[in-house]
S.K.: 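Quick one: the structure is below, and I'll ask about it shortly.
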Amino acid sequence: MKTKSPKPYDLQLLFRALADRTRLRLLNLMGEDEVCVCFLVEALKLSQPKISRHLAYLRRAGIVVARRDGKWMHYRLALPSDAHVVGVLAAVRDWLATDPEIQSDRSRLVRLCCSPTVPAPLKRAPKPVSVLFT
């Protein structure tokens with residue numbers, strides 16, 4: 001029986017995915033967490049269709065994976081099998097950690113998750129685990 005080799009990454013798609021500021025902001029918000037789309041929408045103050053379109057692009061590029069839990073869609077960073085892709089993503093995430101605007105997004109996400117009064121769309125939404133313990 002033949003074993004399947006992992007599908008090679010489409011480098012053009014990968015770099016196009018990383019060339020958009022909104023997608024970089026989404027990657028930063030996910031960090032090491034699985035994050036519900038509703039939190040991403042509230043943290044970035046963008047429409048749900050726009051966020052979903054960018055998340056779909058990141059999925060096609062193999063950078064994120066999704067999981068449905070009832071009505072909630074959760075996204076997290078994917079674990080690429082290609083060492084070069086891992087290196088590129090690590091370098092991008094290191095750079096994102098130094099960008100003040102992008103880090104303010106993360107602060108806003110933490111405030112949303114930890115606030116005693118959350119916006120109505122987030123009342124029953126599952127919170128990212130690492131944000132709860134920061």
S.K.: Using 0.5 Å steps for rounding, measure from the CG atom of L46 to the CG atom of L40.
M.R.: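 It is 10.0 Å, given to the nearest 0.5 Å.
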
S.K.: How long is the span from the NE2 atom in H54 to the CG atom in L24, to the nearest 0.5 Å?
M.R.: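 Result: 10.5 Å between the selected atoms.
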
S.K.: Side chains of D33 and L77: does their closest heavy-atom pair fall under 4.5 Å?
M.R.: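 Side-chain contact under 4.5 Å: no.
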
S.K.: Taking the basic N atoms (NZ, or NE/NH1/NH2) and the acidic carboxylate oxygens, is any pair closer than 4.0 Å for R106 and D99?
M.R.: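 Salt bridge between R106 and D99, a charged N being under 4.0 Å from a carboxylate O: no.
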
S.K.: Excluding sequence neighbours, so at least two apart, what forms side-chain contact (heavy atoms from CB on, under 4.5 Å) with V41?
M.R.: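 Once residues adjacent in sequence are excluded, the partners of V41 under the side-chain contact (heavy atoms from CB on, under 4.5 Å) criterion are V37, Q48, I51.
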
S.K.: Which residues pass the side-chain contact (heavy atoms from CB on, under 4.5 Å) test with V86, not counting sequence neighbours?
M.R.: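 Partners of V86 by the side-chain contact (heavy atoms from CB on, under 4.5 Å) criterion, ordered by chain and then number, come out as P80.
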
S.K.: Checking S104 now: which residues fulfil side chain to side chain donor-acceptor pair (under 3.5 Å) with it, not counting sequence neighbours?
M.R.: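 Side chain to side chain donor-acceptor pair (under 3.5 Å) list for S104, sorted by chain: empty.
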
S.K.: Distance check, rounded to the nearest 0.5 Å: L14 atom CG versus I63 atom CD1?
M.R.: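 L14 CG to I63 CD1: 5.0 Å, rounded to 0.5 Å.
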
S.K.: What residues, two or more places apart in sequence or in another chain, satisfy side-chain contact (heavy atoms from CB on, under 4.5 Å) together with S47?
M.R.: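 Per chain and number, S47 pairs via side-chain contact (heavy atoms from CB on, under 4.5 Å) with P49, K50.
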
S.K.: How long is the straight-line distance from CD1 of I102 back to CG of L96, given to the nearest 0.5 Å?
M.R.: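 L96 CG to I102 CD1: 4.5 Å, rounded to 0.5 Å.
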
S.K.: Partners of D20 by salt bridge (Lys or Arg N to Asp or Glu O under 4.0 Å), sequence neighbours excluded?
M.R.: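 For D20 there are no salt bridge (Lys or Arg N to Asp or Glu O under 4.0 Å) partners, ignoring immediate neighbours.
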
S.K.: Using the rule that Ile, Leu, Val, Met, Phe, Trp and Tyr join whenever any side-chain heavy atoms are under 4.5 Å apart, tell me whether F39 and V65 fall into a single cluster.
M.R.: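 Different hydrophobic clusters.
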
S.K.: Kindly indicate whether the side chain of L29, heavy atoms from C-beta on, has any atom under 4.5 Å from the side chain of V35.
M.R.: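 Sidechains of V35 and L29: no contact.
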
S.K.: Would you please name every residue forming a salt bridge (Lys or Arg N to Asp or Glu O under 4.0 Å) with R68, sequence neighbours left out?
M.R.: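 Per chain and number, R68 pairs via salt bridge (Lys or Arg N to Asp or Glu O under 4.0 Å) with no residue.
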
S.K.: Could you check whether any side-chain heavy atom of V64 comes within less than 4.5 Å of a side-chain heavy atom of L26, counting everything from C-beta outward?
M.R.: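 They are not in side-chain contact.
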
S.K.: Who pairs with R93 by side chain to side chain donor-acceptor pair (under 3.5 Å), at least two apart in sequence or on another chain?
M.R.: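 Side chain to side chain donor-acceptor pair (under 3.5 Å) list for R93, sorted by chain: E32.
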
S.K.: Residues two or more places apart in sequence or in another chain: which of them pass side chain to side chain donor-acceptor pair (under 3.5 Å) with D105?
M.R.: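 Testing D105 for side chain to side chain donor-acceptor pair (under 3.5 Å), a comparison that skips the adjacent residues, returns R25, R108.
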
S.K.: If only atom types and distance count, is the side chain of R23 paired as donor or acceptor with the main-chain N or O of A17 below 3.5 Å?
M.R.: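 Answer holds: yes.
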
S.K.: Please report the closest heavy-atom contact between R67 and D69, naming both atoms and the distance.
M.R.: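 The pair with the smallest heavy-atom distance is NH1-CB, 3.5 Å.
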
S.K.: Could you list the cluster mates of Y57? Members are the ILVMFWY residues connected by side-chain heavy atoms closer than 4.5 Å, either directly or through other members.
M.R.: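 Members other than Y57 - counting any ILVMFWY side chain reachable under 4.5 Å - are L13.
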
S.K.: Can you sort out the partners of A66 under side-chain contact (heavy atoms from CB on, under 4.5 Å), two or more places apart, ordered by chain and number?
M.R.: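 Result, side-chain contact (heavy atoms from CB on, under 4.5 Å) vs A66: R59, M73, Y75.
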
S.K.: What pairs with Q12 under side chain to side chain donor-acceptor pair (under 3.5 Å), at least two apart in sequence or on another chain?
M.R.: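 Expected list: none.
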
S.K.: Which value, rounded to the nearest 0.5 Å, describes the distance between H74 atom NE2 and C38 atom SG?
M.R.: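 If we round to the nearest 0.5 Å, H74:NE2 and C38:SG are 8.0 Å apart.
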
S.K.: Rounded to the nearest 0.5 Å, what separates atom OG1 in T22 from atom CG in L27?
M.R.: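 With rounding to 0.5 Å, OG1 (T22) is 11.0 Å from CG (L27).
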
